[in-house]
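Single-structure report; data block below.
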Amino acid sequence: MIGMLIEESTLMPNSSQKAERGAARGSLIRVGVELCTQTGFQATGIDQVLRAAGVPKGSFYHYFPSKKDFGLAVIDAYADYFCTKLQRILENPHVAPLQRLQDFVQEAEKGMKKHDFQRGCLVGNLGQEMAGLDDQFRERLESVLKLWESQTSRCLKAAQEAGEVDASLDADQLAEFFWIGWEGAILRAKLTQSSRPMHVFAEGFLAQLKI
């Protein structure tokens with residue numbers, strides 16, 4: 001009976017073990033977001049991630065079946081983080097809708113400067129790197145962009161209801177245009193080590209909305 005209890009306790013992790021496992025996995029993903037945003041997915045090594053996360057070497061595959069699964073988890077985590085950020089900014093009821101979009105741009109410019117223009121957008125970076133190499137990555141990245149477009153479209157529709165934007169304009173199409181151009185502006189900002197491309201694009205986008 002004692003032997004059976006020992007065996008069951010080994011096979012069935014208790015809550016503290018599950019919490020520790022979850023914390024380690026979360027740490028790996030956080031480090032993955034940072035490294036993949038800065039150096040790309042293929043250049044990010046598993047050992048590098050383990051060292052940075054403080055997770056024992058050789059335990060990576062306890063948390064992820066493969067590096068590809070790790071990469072997809074990194075994308076999902078970044079998507080969740082960014083959707084929450086967009087919700088906080090673009091759905092702020094205390095700020096006029098178009099000002100919310102400007103607030104997003106200003107916060108993004110500050111973030112780029114904070115990291116010395118080394119990181120940019122994980123989705124945009126991996127889109128350039130992985131879209132032509134792996135369909136699952138491509139589809140996952142495109143689905144994330146669609147989510148962001150939907151959030152931006154809601155903000156633009158609110159601006160139309162507030163009389164800030166011409167009601168005859170297609171908010172969904174405008175949101176798609178914004179993210180196509182914005183990802184390009186982020187790339188150019190990294191190339192020039194300046195937030196000017198982000199500012200120029202945002203000003204041009206907002207100018208076409210004014211009634």
Side-chain angles (χ1 to χ4, degrees), residues 10-88 104 108 111-112 114-153 175-176 178-191 198:
T10 302
L11 295 174
M12 300 177 63
N14 58 35
S15 58
S16 63
Q17 289 173 321
K18 290 179 180 178
E20 182 178 345
R21 178 183 175 88
R25 187 178 189 277
S27 182
L28 289 169
I29 290 174
R30 284 192 296 274
V31 169
V33 169
E34 179 179 343
L35 294 177
C36 290
T37 302
Q38 188 163 341
T39 63
F41 176 71
Q42 295 181 92
T44 298
I46 292 174
D47 287 346
Q48 180 186 13
V49 173
L50 290 167
R51 285 195 303 272
V55 175
K57 187 175 181 179
S59 63
F60 180 87
Y61 295 104
H62 290 296
Y63 305 105
F64 304 98
S66 67
K67 185 183 177 185
K68 176 178 176 177
D69 287 299
F70 170 67
L72 293 172
V74 164
I75 292 171
D76 289 343
Y78 185 82
D80 288 344
Y81 152 76
F82 211 87
C83 281
T84 299
K85 178 179 179 177
L86 285 176
Q87 183 179 21
R88 171 176 59 82
F104 165 73
M112 289 289 285
K114 177 182 177 181
H115 296 291
D116 298 320
F117 300 94
Q118 296 299 310
R119 294 190 183 180
C121 173
L122 175 76
V123 170
N125 290 353
L126 295 189
Q128 294 178 67
E129 178 187 3
M130 301 299 296
L133 301 177
D134 188 289
D135 284 343
Q136 196 170 359
F137 269 87
R138 178 181 57 78
E139 291 168 2
R140 187 71 58 88
L141 292 166
E142 176 65 11
S143 70
V144 173
L145 286 169
K146 289 296 184 184
L147 285 174
W148 297 351
E149 287 174 8
S150 178
Q151 289 178 282
T152 306
S153 176
E176 182 179 11
F178 176 84
W179 281 101
I180 290 172
W182 182 249
E183 290 295 339
I186 294 292
L187 173 61
R188 186 70 179 273
K190 290 180 67 178
L191 290 173
M198 302 161 70

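Side-chain atoms are counted along with the backbone in the values below, which use heavy atoms only and exclude waters and symmetry mates. Keep in mind it's a predicted model, so treat the numbers as computed, not measured. The first residue in the sequence is number 1, and the count goes up from there.
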Counting C-beta onward and ignoring hydrogens, is there a side-chain heavy-atom pair between [X] and [Y] closer than 4.5 Å?
X      : Y      : value
Trp179 : Cys121 : no
Tyr61  : Ile46  : yes
Arg188 : Met198 : no

Looking at every heavy atom in both [X] and [Y], which two are closest together, and how far apart are they?
X     : Y      : value
Leu50 : Pro56  : CD2-O, 3.9 Å
Cys36 : Leu126 : O-CD2, 4.4 Å
Ala24 : Val55  : O-CG2, 4.1 Å
Pro65 : Asp69  : CB-OD2, 3.4 Å

Quick one: list whatever passes ring pair (Phe, Tyr, Trp, His ring centres under 6.0 Å) with Phe70, sequence neighbours left out.
Phe60, Phe64
For the pair [X] (side chain) and [Y] (backbone), establish whether a donor and an acceptor sit closer than 3.5 Å, ignoring hydrogens and angles.
X      : Y      : answer
Thr84  : Asp80  : yes
Asp134 : Gln136 : yes
Gln151 : Cys83  : yes
Lys67  : Phe41  : yes

Taken to the nearest 0.5 Å, the spacing of Phe137 CZ from Ile75 CD1 works out to 5.0 Å
To the nearest 0.5 Å, atom CD of Gln42 lies from atom CG of Leu133 at 5.5 Å
Apply side-chain contact (heavy atoms from CB on, under 4.5 Å) to Arg119 and list each qualifying residue two or more places apart in sequence or on a separate chain.
Glu34, Thr37, Gln38, His115
Between Trp182 and Phe104, ring centroids under 6.0 Å:
yes
